Amino acid sequence: MLKVLKHPLITHKLTQMRNKNCGTKDFRQNLDEIAGLMAYEITRDIPLKEVEIETPVATCKTYEMEKEIVLVPILRAGLGMVNGICNLIPTVKIAHIGLYRDEETLEPHTYFEKYPKAVKDAIVMIVDPMLATGGSAIAAIDMVKKQGAKNIRLVCLVGAPEGVKAVEKAHPEVDIYLASLDEKLNEHGYIIPGLGDAGDRIFGTK
C-alpha cells in the first residue's frame with residue numbers, strides 16, 4: 001500500500017531540498033530532519049509489549065517496543081536517511097545493501113550485503129531517497145526476504161509512479177512510504193521534477 005506523508009514540515013523541508021541552489025550542508029540537514037519526521041509517522045503502528053518498571057516513587061506497568069527495528073539503507077544515497085532515524089530511534093540495528101544502477105540498462109547490480117542477526121523477526125525499513133524505476137528497491141526487498149524478513153517497509157523521499165507500480169507488482173505486501181509522489185520519469189530514468197541525483201547532493205560529489 002502506498003502512503004504519501006503530507007505533513008507540512010516534511011513538505012516544507014522537501015521544497016528546500018528540491019531547489020537547485022540548496023548546498024550540500026542544507027541538503028543533508030533537511031534530509032536528516034525529513035527522515036526523522038517520516039520515521040515518527042511510519043512507526044505509529046509498531047507493536048508494544050507490557051512491562052513492569054520501578055520509577056523513583058512507585059512500581060509502574062507500562063509499555064515498550066515489542067520488536068527490533070532494522071534499517072537497511074541502499075548504498076550510497078540511503079545512508080543520508082540513517083542519522084535522522086537513528087536520532088529518533090537510537091536502538092535501531094543497521095544493515096547495508098550496496099547496489100549500483102547500470103547507466104545503459106538501468107538494471108541494479110549488487111556489490112555488498114551485511115545484516116544484523118535480528119532481521120528475521122524485526123520491522124525492516126529499507127531506506128533510499130529516490131524511488132525511480134523501482135529496480136533497486138525490488139532487488140533490496142528480494143535480498144532482505146532471503147534473510148527471512150517478513151515485516152518490510154520501503155521508505156523514500158520522492159517516488160515516480162512507474163517505480164511505485166513496479167514495487168507494488170513485485171511485492172504487493174510491502175508498504176511504501178513517500179514524502180512526495182512526483183510526475184514521471186524522464187528518458188534517463190530520473191524523477192521529474194525530483195531533486196537531482198540524491199547521492200551526489202548528499203555527499204557533494206558533483
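Below, each value reflects all heavy atoms present in this structure, side chains not excepted, and no hydrogens, waters or symmetry copies. Computed from a prediction, not measured in an experiment: that's the story for all the values here.
Listed by chain and number, the residues in a side chain to side chain contact (heavy atoms under 4.5 Å, CB included) with Asn83 are Asp32 (sequence neighbours excluded). Residues passing the side chain to side chain contact (heavy atoms under 4.5 Å, CB included) test with Lys6 are Val4, sequence neighbours excluded. For Asp182, the side chain to side chain donor-acceptor pair (under 3.5 Å) partners two or more places apart in sequence, or in a different chain, are Arg18, Ser180. For Lys165, there are no side chain to side chain contact (heavy atoms under 4.5 Å, CB included) partners at least two apart in sequence or on another chain. Every residue two or more places apart in sequence or in another chain that forms a side chain to side chain contact (heavy atoms under 4.5 Å, CB included) with Glu113 is listed here: Thr110, Tyr115, Met143, Gln147.
The backbone N or O of Ile46 sits nowhere less than 3.5 Å from a side-chain atom of Thr43 that would complete a donor-acceptor pair. Distance alone, capped at 3.5 Å, is enough to place a donor-acceptor pair between the His7 side chain and the Leu9 backbone. Arg153 contributes no side-chain N or O that, together with a main-chain N or O of Ile126, makes up a donor-acceptor pair within less than 3.5 Å. For the pair Arg201 (side chain) and Gly23 (backbone), a donor-acceptor distance under 3.5 Å is absent. A donor-acceptor pair under 3.5 Å is formed between the side chain of Gln16 and the backbone N or O of His12.
Distance check, rounded to the nearest 0.5 Å: CG of Asn21 to CG of Asp26 gives 11.0 Å. Summarising the geometry, atom CD belonging to Glu33 is positioned 10.0 Å from atom CG belonging to Asn87; distances are rounded to the nearest 0.5 Å. Here CD1 of Ile123 is found 9.0 Å from CD of Glu66. Values are rounded to the nearest 0.5 Å. Separation of atoms CD1 (Ile10) and CG (Leu37) is listed at 5.0 Å; rounding is to 0.5 Å. Here the CG atom belonging to Leu154 is positioned 10.0 Å from the NE2 atom belonging to His171, to the nearest 0.5 angstrom. Rounding to the nearest 0.5 angstrom, the gap separating the CG atom in Leu185 from the CD1 atom in Ile192 is 8.5 Å.
His109 is not listed as a side-chain neighbour of Leu99, based on a closest heavy-atom distance of 4.5 Å or more. Contact annotation: the side chain of Pro73 approaches that of His96 to within less than 4.5 Å [non-hydrogen atoms, C-beta and beyond]. Side-chain contact between Val127 and Ile74 is absent, with no heavy atoms from C-beta onward closer than 4.5 Å. Here the side chains of Ile69 and Thr91 are not in contact, with every heavy-atom distance at 4.5 Å or above. Side chains of Leu75 and Ile97 form no contact here, defined as non-hydrogen atoms less than 4.5 Å apart. Annotation: side chain of Ile34 is in contact with side chain of Met17 (closest heavy-atom distance under 4.5 Å). Val155 places a side-chain heavy atom less than 4.5 Å from the side chain of Ile42. Residues Ile94 and Val70 fail the side-chain proximity criterion, which asks for heavy atoms closer than 4.5 Å.
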Should Glu68 and Lys117 be marked as a salt bridge (Lys or Arg N to Asp or Glu O under 4.0 Å) after you check the CA-CA gap, both sets of side-chain angles, and the distance that decides it?
CA-CA 11 Å; Glu68 290 200 42; Lys117 294 179 180 178; over 6 Å; no
Could you walk me through whether Glu173 and Lys150 pass side chain to side chain contact (heavy atoms under 4.5 Å, CB included), step by step?
CA-CA 9 Å; Glu173 80 289 355; Lys150 299 178 182 65; over 6 Å; no
Could you go through the side chain to side chain contact (heavy atoms under 4.5 Å, CB included) check for Met1 and Ile176 one step at a time?
CA-CA 6 Å; Met1 181 184 296; Ile176 303 169; over 6 Å; no
List the steps and the verdict of side chain to side chain contact (heavy atoms under 4.5 Å, CB included) for Leu131 and Val167.
CA-CA 9 Å; Leu131 176 57; Val167 173; 3.9 Å; yes
Check the pair Leu157, Met130 against side chain to side chain contact (heavy atoms under 4.5 Å, CB included), reporting the backbone distance first and the verdict last.
CA-CA 6 Å; Leu157 257 67; Met130 314 300 286; 5.6 Å; no
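Of all heavy-atom pairs between Ala132 and Ala160, the closest is O-CB, 4.0 Å. Across all their heavy atoms, Thr24 and Phe203 have their closest contact at CG2-C, 4.4 Å. Nearest heavy atoms, Leu195 versus Leu14: CD2-CD1, 3.8 Å. Nearest heavy-atom pair, Thr133 versus Ala166, reported as atom, atom and distance to 0.1 Å: O-CB, 3.6 Å. Closest of all the heavy-atom pairs between Met38 and Cys156 is CE-O, 3.3 Å. Shown here for Gly36 and Leu88, the closest heavy-atom pair between the two residues is O-CD2, 3.5 Å.
Between Lys184 and Glu162, no side-chain nitrogen of the basic residue sits less than 4.0 Å from a carboxylate oxygen of the acidic one, so the salt-bridge criterion is not met. A salt bridge links Asp200 with Arg76: at least one charged nitrogen is closer than 4.0 Å to a carboxylate oxygen.
Hydrophobic cluster membership is shared by Leu79 and Phe27, with clusters built from Ile, Leu, Val, Met, Phe, Trp and Tyr side chains linked at under 4.5 angstrom. If you chain together hydrophobic residues whose side chains sit under 4.5 Å apart, Val119 and Met125 never meet in one group. Val174 and Leu71 fall into different hydrophobic clusters, where Ile, Leu, Val, Met, Phe, Trp and Tyr are joined by side-chain heavy atoms under 4.5 Å apart, directly or via other members. Cluster membership check: Tyr177 shares its hydrophobic cluster with Val82, using side-chain heavy-atom separations under 4.5 Å among Ile, Leu, Val, Met, Phe, Trp and Tyr.
The environment of Tyr111 atom OH is dense: over 12 non-hydrogen atoms of other residues, nucleotides or ligands sit within 6.0 angstrom.
Note on residues 120-140: no pairs pass salt bridge (Lys or Arg N to Asp or Glu O under 4.0 Å), not counting sequence neighbours.
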